[in-house]
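Just so we're clear, the structure is a prediction, and the values are computed from it rather than from any experiment. We number each residue from 1, following the sequence as shown.
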Amino acid sequence: MNMAEQERPLWTSKPDLASRRVGGSVLWANDELFAERENLIRPQAAEFQPWSFGHKGQVYDGWETRRRREDGFDQAVVRLGLPGVLAGVVVDTAFFTGNYPPFASIEACGVEGYPSPAELSAADWQTVVPKSPLNGDSENFFAVASDHRFTHVRLTIYPDGGVARLRVFGTPVADPRYLNPAAMDLAALENGAEIAGCSNMFYSAPANLISPGPATVMGEGWETARRRDQGNDWVSVKLAGPAVPWLAELDTSHFKGNAPGWASLSGCDATKSDVDDPAAWFEILSRTRLQPDTRHRLLVDGARRLTHVRLDIYPDGGMARFRLHGALTERGRDELTDRFHETLPRAHAAEIG
């Protein structure tokens, strides 16, 4: 259902699995005469400069195809940087007013490895958003009802036109074959961790903290508003599975005049206690002084199993990345493996055997 005129859906707070920032790529488009397909997954919001004309017309920050003079449609194929279960898709037609497509649909598939565009044409594509009307110069929201893990999506526009951005929100599902459960980043988005709660995200989303790779600028981290009270800010993370940690990385890179002064870590085992009960949480790193623009590596108390970790910063500020290294328990390994196999589309499961 098109929800462009409604409030932003809750699923837009989930990670964008297609973003270039997490490793997404636009593998193919049948036409990109006016504007390149790669613009579809740029993490920044689309921009517009009036009267910026190139050799092919107005330069748009998006993907734009030529005007069709015959029946048909245009398509672009995106490889997700983080394969996972989709929650919703945004087809953003920002600044496309007289040249946006009136309709669009989305398909998805799950495959092994890194197939070429030609090989992907024979994949088992499933429709996750049927052909639906679009509004121009708008974010068009479409919820997705599927519990399958997908690796690629295909955007079809009818019959032609321009789309500024394609956002594919969802929950990453890790492939256990590529992980060492005895030594891994338990808090990594790509390994199946997710943000469970947050006190403040005024400047940027907390999911940035656990995203792949280092932050290249301050805006790729998590930053809160300035506090004017006696409290402090915090973020909690549901780990990839029940685990025992041993090393934390608190990275304040790029945060110079706005890094937190101190930080602490606490854990909770949701298999035994209610995460909403303050008494269920126990300290794994006492309040520790932080330096601006610094990657801190700190040993933590790994004497107890945990499923969630909470990072408290004092009193406020920004952090580029948070990592928590350790080992999954036997239960954690089973949960991660089961999650992967239970979400595989039938064709992908058959490939694995």
Decide salt bridge (Lys or Arg N to Asp or Glu O under 4.0 Å) for R8 and E139; before the verdict, give the C-alpha distance in whole Å, the side-chain angles of both, and the deciding distance to 0.1 Å.
CA-CA 9 Å; R8 290 182 67 83; E139 289 184 293; 2.6 Å; yes

Going by heavy atoms in the side chains, are [X] and [Y] under 4.5 Å from each other?
X	Y	value
V309	S236	no
H296	Q291	yes
W11	F141	yes
P102	P159	yes
P115	L120	yes
E107	T156	yes
R305	T271	yes
L80	L82	no

In plain terms, say whether [X] and [Y] are close enough for a salt bridge, that is, a side-chain N and a carboxylate O under 4.0 Å apart.
X	Y	result
R295	E249	yes
D74	R66	no
E335	R333	no
D160	R68	no

For [Y], is the NZ or CZ atom of [X] found under 6.0 angstrom from the centre of its six-membered ring and inside 45 degrees of the ring axis?
X	Y	answer
R149	F340	no
K131	F103	yes
R79	Y114	no

Is a side-chain donor-acceptor pair under 3.5 Å present for [Y] with [X]?
X	Y	answer
D251	S253	yes
E112	H348	yes
Y100	S138	no
E220	H254	no

Of all the heavy-atom pairs spanning [X] and [Y], show the shortest one and how long it is.
X	Y	answer
S105	Y158	OG-OH, 2.8 Å
M201	W222	CA-NE1, 4.1 Å
G162	P101	O-CD, 3.2 Å
A29	W63	CB-NE1, 3.8 Å

Would you check, one step at a time, whether the test side chain to side chain contact (heavy atoms under 4.5 Å, CB included) holds for L189 with S211?
CA-CA 6 Å; L189 197 62; S211 293; 4.0 Å; yes

Would you mind telling me which of D269, L239, V237 makes a side-chain contact (heavy atoms from CB on, under 4.5 Å) with T307?
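Passing option: D269.
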
Could you see if L134 belongs to whatever hydrophobic cluster contains L155? Use Ile, Leu, Val, Met, Phe, Trp, Tyr and a side-chain cutoff under 4.5 Å.
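Looking at the clustering, L155 is in the same group as L134.
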
As a quick check of understanding, evaluate salt bridge (Lys or Arg N to Asp or Glu O under 4.0 Å) for R227 and D233, giving each step before the final call.
CA-CA 8 Å; R227 294 192 76 96; D233 288 317; 2.6 Å; yes

Under the side chain to side chain donor-acceptor pair (under 3.5 Å) test, residues paired with R42 that sit two or more places apart:
D61

Who are the side chain to side chain donor-acceptor pair (under 3.5 Å) partners of Q126, not counting sequence neighbours?
H148

With sequence neighbours excluded, tell me which residues meet side-chain contact (heavy atoms from CB on, under 4.5 Å) with T337.
P176, H341

